[in-house]
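Only one structure is covered here, and it is reproduced in the block below.
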2 protein chains.
Amino acid sequence: MFIENYYQLVYKDIMTSKEKLRKAGLRPTKQRMIIANILLDGINRHFTAENLQDEINSSGNSMSIATVYNCLKKFRNCGLIKQIETSKDTAVFDTNTHQHHHFLNEETGELIDIEDDEINLKSLPKIPQGYFNNGVEVLIKLKKQD
Amino acid sequence: MFIENYYQLVYKDIMTSKEKLRKAGLRPTKQRMIIANILLDGINRHFTAENLQDEINSSGNSMSIATVYNCLKKFRNCGLIKQIETSKDTAVFDTNTHQHHHFLNEETGELIDIEDDEINLKSLPKIPQGYFNNGVEVLIKLKKQD
DNA sequence: CAAGTAGTTTAGAATGATTTTAAAGTGAAA
DNA sequence: TTTCACTTTAAAATCATTCTAAACTACTTG
């Protein structure tokens, strides 16, 4: 907990959004900086494109939904955010880019984080020839009792 | 392998599609029997709604795409098939209803089965109060080397 | 700093998967 | 056999996401 807070502080303060974007290989446009300011504060969050546009709007800014989608794809492709693997009808993104896992409440669709070290993935199968393991995602589906 | 074949044989032959549907609590309509004949042969398969409609057509039958979707939802809800948790733009279903896992080829979108016993899920986190574990799905994302 | 260019944003149209609608059809119970 | 709830259907509707192509803007080079 202490370390997490420390990390968030450092992450938040040491680099400007402009620097974070450049480091990720993205041209720091006005729109990307607005989004980076919202998303890249070191706090773990799940969100959809629509959620994000709402946040952009409540921050006093605005931008085309096409730009929101463009940015999310760019941010995801260069690893600034992650897309969660679920069969929900809307894409869900995650600001936590470290390997971790989720509970999925099957009734509500809610996703709850599980830290990587809470799951013991001892034996994994042999990775197919010519490929490498680019991340493991565990989903534990939850149903209400009774 | 021997056991699997034996199982498939039994599963295929012991119950008619009509009986399987009834056992699952579904009224055995003409359309559901056509689909059950295609899907419930004990062979593990991944497919989309469109894939299935193609198979229906090549079997000499035909049905509305709305019916295909209706049936898939019913079959899934009563456990005759499973929907795979991935963020692909099209829903992917699986005739293997036992707990198992997948490799996801991130370049092609291809899904490859992993048997449950190939992954050692020793420690799982505490399930939230009032819920129970309704299935664990592990996804190993693959990328091409180099 | 000026001009050029590649990359970006945008509104609106287009796409594609899935769902809805409402009317006609059908399985099963009595 | 009648009845009724459930199912199927074609077509329209919906909804998330992508495309289009024109206007804009960040960076490079001179």
Side-chain angles (χ1 to χ4, degrees), chain A residues 16-38 46-57 59 61-78 80-81 83-93 109 111, chain B residues 16-39 46-57 59 61-78 80-93 109 111:
Chain A
T16 63
S17 288
K18 187 177 272 189
E19 288 169 328
K20 287 174 201 164
L21 288 167
R22 269 199 224 288
K23 195 176 153 217
L26 295 182
R27 183 190 287 191
T29 65
K30 198 174 107 227
Q31 290 80 357
R32 287 176 186 166
M33 307 241 294
I34 291 168
I35 292 180
N37 280 327
I38 292 173
H46 301 151
F47 62 97
T48 65
E50 206 192 347
N51 292 161
L52 178 56
Q53 199 181 34
D54 289 347
E55 278 204 74
I56 291 166
N57 291 335
S59 78
N61 295 288
S62 80
M63 103 187 42
S64 160
I65 189 65
T67 304
V68 175
Y69 278 105
N70 287 342
C71 288
L72 284 176
K73 192 174 274 185
K74 288 280 190 185
F75 276 47
R76 189 239 286 143
N77 289 346
C78 68
L80 288 175
I81 61 175
Q83 184 168 358
I84 303 177
E85 296 288 343
T86 80
S87 57
K88 299 172 84 158
D89 49 2
T90 309
V92 181
F93 297 90
L111 286 161
Chain B
T16 62
S17 289
K18 186 176 272 191
E19 288 169 328
K20 288 176 200 165
L21 288 167
R22 269 200 223 285
K23 197 179 151 211
L26 296 182
R27 181 191 289 191
T29 66
K30 197 174 110 230
Q31 289 79 356
R32 287 175 185 166
M33 307 242 293
I34 291 168
I35 292 180
N37 280 327
I38 292 173
L39 296 181
H46 302 151
F47 62 97
T48 65
E50 207 193 346
N51 292 162
L52 177 56
Q53 199 181 33
D54 290 347
E55 279 204 75
I56 291 166
N57 292 335
S59 78
N61 295 289
S62 81
M63 99 188 42
S64 160
I65 189 65
T67 304
V68 175
Y69 278 104
N70 287 344
C71 289
L72 285 176
K73 193 174 275 185
K74 287 282 191 185
F75 276 46
R76 189 238 286 142
N77 289 346
C78 68
L80 287 175
I81 61 175
K82 235 173 137 174
Q83 183 168 2
I84 302 178
E85 296 286 343
T86 79
S87 57
K88 298 172 85 160
D89 48 1
T90 308
V92 181
F93 296 89
L111 287 162

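Just so it is clear: chains get the letters A, B, ... in the order the sequence lines come, proteins before strands, and each one is counted from 1.
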Task: Interface residues of residues 21-33 of chain A with DNA chain D (non-hydrogen, below 4.0 angstrom) - done: A/Arg22, A/Arg27, A/Pro28
TODO: May I ask you to list the residues of residues 83-92 of chain A, by number, that have any heavy atom positioned under 4.0 Å from an atom of DNA chain D?
DONE: A/Asp89, A/Thr90, A/Ala91
Quick one: are [X] and [Y] in side-chain contact, heavy atoms under 4.5 Å?
{"X": "A/Leu80", "Y": "A/Leu21", "result": "yes"}
{"X": "A/Ile84", "Y": "A/His46", "result": "yes"}
{"X": "A/Leu26", "Y": "A/Cys78", "result": "yes"}

- [ ] Answer with base, sugar-phosphate or nothing: what part of the nucleic acid does A/Lys18 contact at a heavy-atom distance below 4.0 Å?
- [x] nothing
TODO: Looking at every strand, decide which applies to A/Lys74 at a 4.0 Å heavy-atom threshold: base, sugar-phosphate, or nothing.
DONE: sugar-phosphate
- [ ] Could you tell me which residues satisfy side-chain hydrogen bond (donor to acceptor under 3.5 Å, both in side chains) with B/Glu55, sequence neighbours excluded, listed by chain and number?
- [x] B/Arg45
Task: A/Asn61: side-chain hydrogen bond (donor to acceptor under 3.5 Å, both in side chains) partners, not counting sequence neighbours - done: A/Ser59
Return the [atom1] to [atom2] distance between [X] and [Y], rounded to the nearest 0.5 Å.
{"X": "B/Ile81", "Y": "B/Leu39", "atom1": "CD1", "atom2": "CG", "answer": "6.0 Å"}
{"X": "A/Ile35", "Y": "A/Ile56", "atom1": "CD1", "atom2": "CD1", "answer": "4.5 Å"}
{"X": "A/Arg76", "Y": "A/Phe93", "atom1": "CZ", "atom2": "CZ", "answer": "5.5 Å"}

Pairwise N/O distances under 3.5 Å, protein to nucleotides 10-12 of chain D:
none

Open item on the list: Can you give me the first and the last nucleotide of DNA chain C (5' to 3') that has an atom within less than 4.0 angstrom of a non-hydrogen atom in chain B?
Closed with: C/dA17 to C/dA28
- [ ] Mark yes or no for whether B/Lys18, through its side chain, and B/Met33, through its backbone, hold a donor-acceptor pair below 3.5 Å.
- [x] no
For [X], all residues meeting side chain to side chain contact (heavy atoms under 4.5 Å, CB included), sequence neighbours excluded:
{"X": "A/Gln53", "answer": "A/Asn57, A/Ile65, A/Val68"}
{"X": "A/Lys23", "answer": "A/Met15"}
{"X": "B/Asn51", "answer": "B/Phe47, B/Thr48"}

Open item on the list: Rounded to whole Å, how long is the line connecting atom CG of A/Asn70 with atom P of D/dC24?
Closed with: 18 Å
TODO: Under the side chain to side chain donor-acceptor pair (under 3.5 Å) rule, what do B/Ser87 and A/Glu85 come out as? Steps first, then yes or no, please.
DONE: CA-CA 5 Å; B/Ser87 57; A/Glu85 296 288 343; 3.0 Å; yes
Open item on the list: Going by side-chain hydrogen bond (donor to acceptor under 3.5 Å, both in side chains), name the pairs with one or both residues in residues 29-39 of chain B, residues two or more places apart or in two chains.
Closed with: B/Ser17-B/Asn37
Open item on the list: Test: side-chain hydrogen bond (donor to acceptor under 3.5 Å, both in side chains). Region: residues 62-71 of chain B. Which pairs qualify, not counting sequence neighbours?
Closed with: none
- [ ] Can you tell me which stems DNA chain C forms, taking runs of 3 or more consecutive Watson-Crick or G-U pairs with both distances under 3.5 Å?
- [x] C:1-30 with D:1-30
